[in-house]
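Below, read A as the first sequence line, B as the second, and so on, with proteins coming before strands; counting in each chain starts at 1.
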Protein chains: 2
Amino acid sequence: MKKNAEINATPVCQVRMQAISDAMSLLSGKWKFHILGTLIAGNKLGFMDLLREIDGIGSKMLSKELQDLEMNNLVSRTVMDTKPITVEYSITKYGKTLSAVIDELANWGIEYRKALYKKN
Amino acid sequence: MKKNAEINATPVCQVRMQAISDAMSLLSGKWKFHILGTLIAGNKLGFMDLLREIDGIGSKMLSKELQDLEMNNLVSRTVMDTKPITVEYSITKYGKTLSAVIDELANWGIEYRKALYKKN
DNA sequence: GAAAGTGGTTTCCTATTGGATACTAACTGT
DNA sequence: ACAGTTAGTATCCAATAGGAAACCACTTTC
């Protein structure tokens, strides 16, 4: 008998699978969660602020990731008419809807570390 | 004046940042969420079952990702004494603690798609 | 006039990721 | 005998991710 029955073939699972793919494609990479988390915590931050806040990131990656996030309407970029010119990055209303995901992930990570500690 | 004040330098933020890094290092890659989600939905599944359920994955990636997940105690692998030999993969008790994260991510992805649809 | 701050871009390089294909090895059903 | 099942491994290749360093243009401060 040939097997081809699938759990994931049910419409509800198909939707879930696609939803996960969607979310991952927006949030993939090493830095996006860090950038979003920092912007959620920090309200309005300049490029150099972010560079200082996010330990280990370089200007190339920061610039690229910010562009990605801006394209997907998770982060807004505003050039201020100051001298020298400054840029304000902030989380959008829409980006804030990710708070729950980020919190869950962070809390899970914290529990993970506790569990590791107990083991040894 | 040299700037070096940091939001993320506060202990609570340091812990959060590390927690996010920890979680991401276990869950990185294109397939881990799909595998975990399928195993949470499907209870016990064989290698070929997973290969069929998860659309697009190849045996090499599935094998590698399962090994990663097993090493981190999120998935268990049991060789059954059948002929031909079969292997049962299932989510561990510990892996189940990721349900909330996966659900949040999936729900966010679903809302994201709805929002896109409304826009156009 | 030199240093340091603003916000990036460009180039070069390596490491990792991931996909396609073929293969093994044992067993079952026709 | 032969196709199909089980669970992977091996090999090769292309694409992407990501880091280091240099550089740019502009302005303010020492």
Side-chain angles (χ1 to χ4, degrees), chain A residues 1-6 17 20-21 24-36 38-39 42 44-72 75-90, chain B residues 1-6 17 20-21 24-36 38-39 42 44-72 75-90:
Chain A
M1 176 187 125
K2 210 177 210 168
K3 285 196 193 176
N4 63 339
E6 298 184 16
M17 295 286 274
I20 290 174
S21 294
M24 301 253 295
S25 73
L26 297 190
L27 302 173
S28 64
K30 192 174 172 182
W31 299 110
K32 296 221 179 65
F33 278 106
H34 291 292
I35 294 172
L36 290 169
T38 303
L39 283 174
K44 288 181 188 306
L45 295 171
F47 186 86
M48 296 306 287
D49 293 329
L50 286 166
L51 213 48
R52 278 183 290 263
E53 296 293 342
I54 302 167
D55 197 46
I57 199 171
S59 58
K60 192 190 83 171
M61 289 309 297
L62 180 55
S63 169
K64 192 209 130 214
E65 298 292 65
L66 282 170
Q67 281 170 27
D68 285 2
L69 293 170
E70 195 195 350
M71 271 196 294
N72 289 314
V75 159
S76 74
R77 176 179 184 276
T78 315
V79 179
M80 306 303 284
D81 197 10
T82 53
K83 293 181 180 181
I85 159 181
T86 51
V87 177
E88 272 183 10
Y89 287 98
S90 58
Chain B
M1 178 185 127
K2 211 176 211 169
K3 285 195 191 176
N4 65 338
E6 297 184 17
M17 295 285 275
I20 290 175
S21 294
M24 301 253 295
S25 76
L26 298 189
L27 302 172
S28 65
K30 193 173 170 183
W31 298 110
K32 296 219 179 67
F33 278 104
H34 292 291
I35 295 173
L36 290 169
T38 303
L39 284 173
K44 287 181 188 307
L45 295 171
F47 187 85
M48 296 307 287
D49 293 328
L50 285 166
L51 214 47
R52 278 184 292 263
E53 297 293 343
I54 300 168
D55 197 46
I57 199 171
S59 59
K60 191 190 84 172
M61 288 309 297
L62 180 56
S63 170
K64 193 210 129 212
E65 298 290 65
L66 282 170
Q67 282 173 28
D68 284 1
L69 293 170
E70 194 196 350
M71 269 196 295
N72 289 313
V75 159
S76 74
R77 177 180 182 275
T78 315
V79 179
M80 307 303 284
D81 198 9
T82 52
K83 292 179 181 182
I85 159 182
T86 51
V87 177
E88 272 183 9
Y89 288 98
S90 57

For atom CD of E65(A) and atom C1' of dG7(C), their distance in whole Å | 17 Å

hbond_proxy K64(A) side chain to dG18(D) base (donor-acceptor, 3.5 Å cutoff) | no

Rounded off to whole Å, could you give me the NZ-to-C1' distance for the K60(B) and dA10(D) pair?
-> 10 Å

Atom CG of D49(B) and atom P of dA7(D): how far apart are they, to the nearest Å?
-> 7 Å

In Å, rounded to the nearest 0.5 Å, how long is the span from CG of D49(B) to CG of L39(B)?
-> 10.0 Å

Among the nucleotides dT6(C), dG8(C), dT6(D), which one has an atom lying closest to any side-chain atom of F47(A)?
-> dG8(C)

R52(A) vs dG5(C): side-chain N/O to OP1/OP2 distance below 4.0 Å = no

Closest to the side chain of S63(B), out of dG8(C), dT9(D), dC12(C), is dT9(D)

Are the side chains of Y89(B) and L69(B) in touch, meaning some heavy atoms are under 4.5 Å apart?
-> no

L50(A) CG to dG5(C) P: how many Å, rounded?
-> 17 Å

Comparing I85(A) and S59(A) on DNA chain C - which has the more 5′ nearest nucleotide | I85(A)

Of the listed dG8(D), dG19(C), dG19(D), the closest approach to the V87(B) side chain comes from dG8(D)

Nearest-0.5 Å distance, CG of residue L26(A) to CG of residue L36(A) | 10.0 Å

Roughly how many Å is it from CG in L62(A) to C1' in dG18(D), rounded to a whole number?
-> 13 Å

Between E88(A) and K44(A) the two heavy atoms that sit nearest each other are OE1-CD, 3.2 Å

From the list dG18(C), dG19(D), dG8(D), which nucleotide is the closest neighbour of the side chain of W31(A)?
-> dG19(D)

Interatomic distance, CD@E65(A) vs NE2@H34(A), rounded to 0.5 Å, equals 11.0 Å

Would you indicate, yes or no, if dG8(D) has its OP1 or OP2 atom less than 4.0 angstrom from a side-chain nitrogen or oxygen of R77(B)?
-> yes

Indicate whether OP1 or OP2 belonging to dA7(D) is found under 4.0 Å from a side-chain N or O atom of Q67(B).
-> no

Any N/O donor-acceptor pair, T82(B) side-chain to dT6(D) base, under 3.5 Å = no

Just how far, in rounded Å, is P of dA7(D) from CG of D81(B)?
-> 14 Å

Closest to side chain of Y89(A), choosing from dG8(C), dT11(D), dA7(D) | dG8(C)

Starting from C1' on dA7(D), measure out to CG on L51(B) and report it in whole angstrom.
-> 10 Å

When rounded to the nearest 0.5 angstrom, what distance separates CG in L62(A) from CE in M48(A)?
-> 9.5 Å

The side chain of M48(B) lies closest to which of these nucleotides: dA7(D), dG19(C), dT27(D)?
-> dA7(D)

Looking only at dG19(D), dT28(C), dG19(C), the nucleotide nearest the K30(B) side chain is dG19(C)

Using heavy atoms to find the nearest nucleotide of DNA chain D for K83(A) and G56(A) separately, return the residue whose nucleotide is more 5′.
-> G56(A)

Rounded to the nearest angstrom, tell me the gap between atom CG in L45(B) and atom P in dG8(D).
-> 13 Å

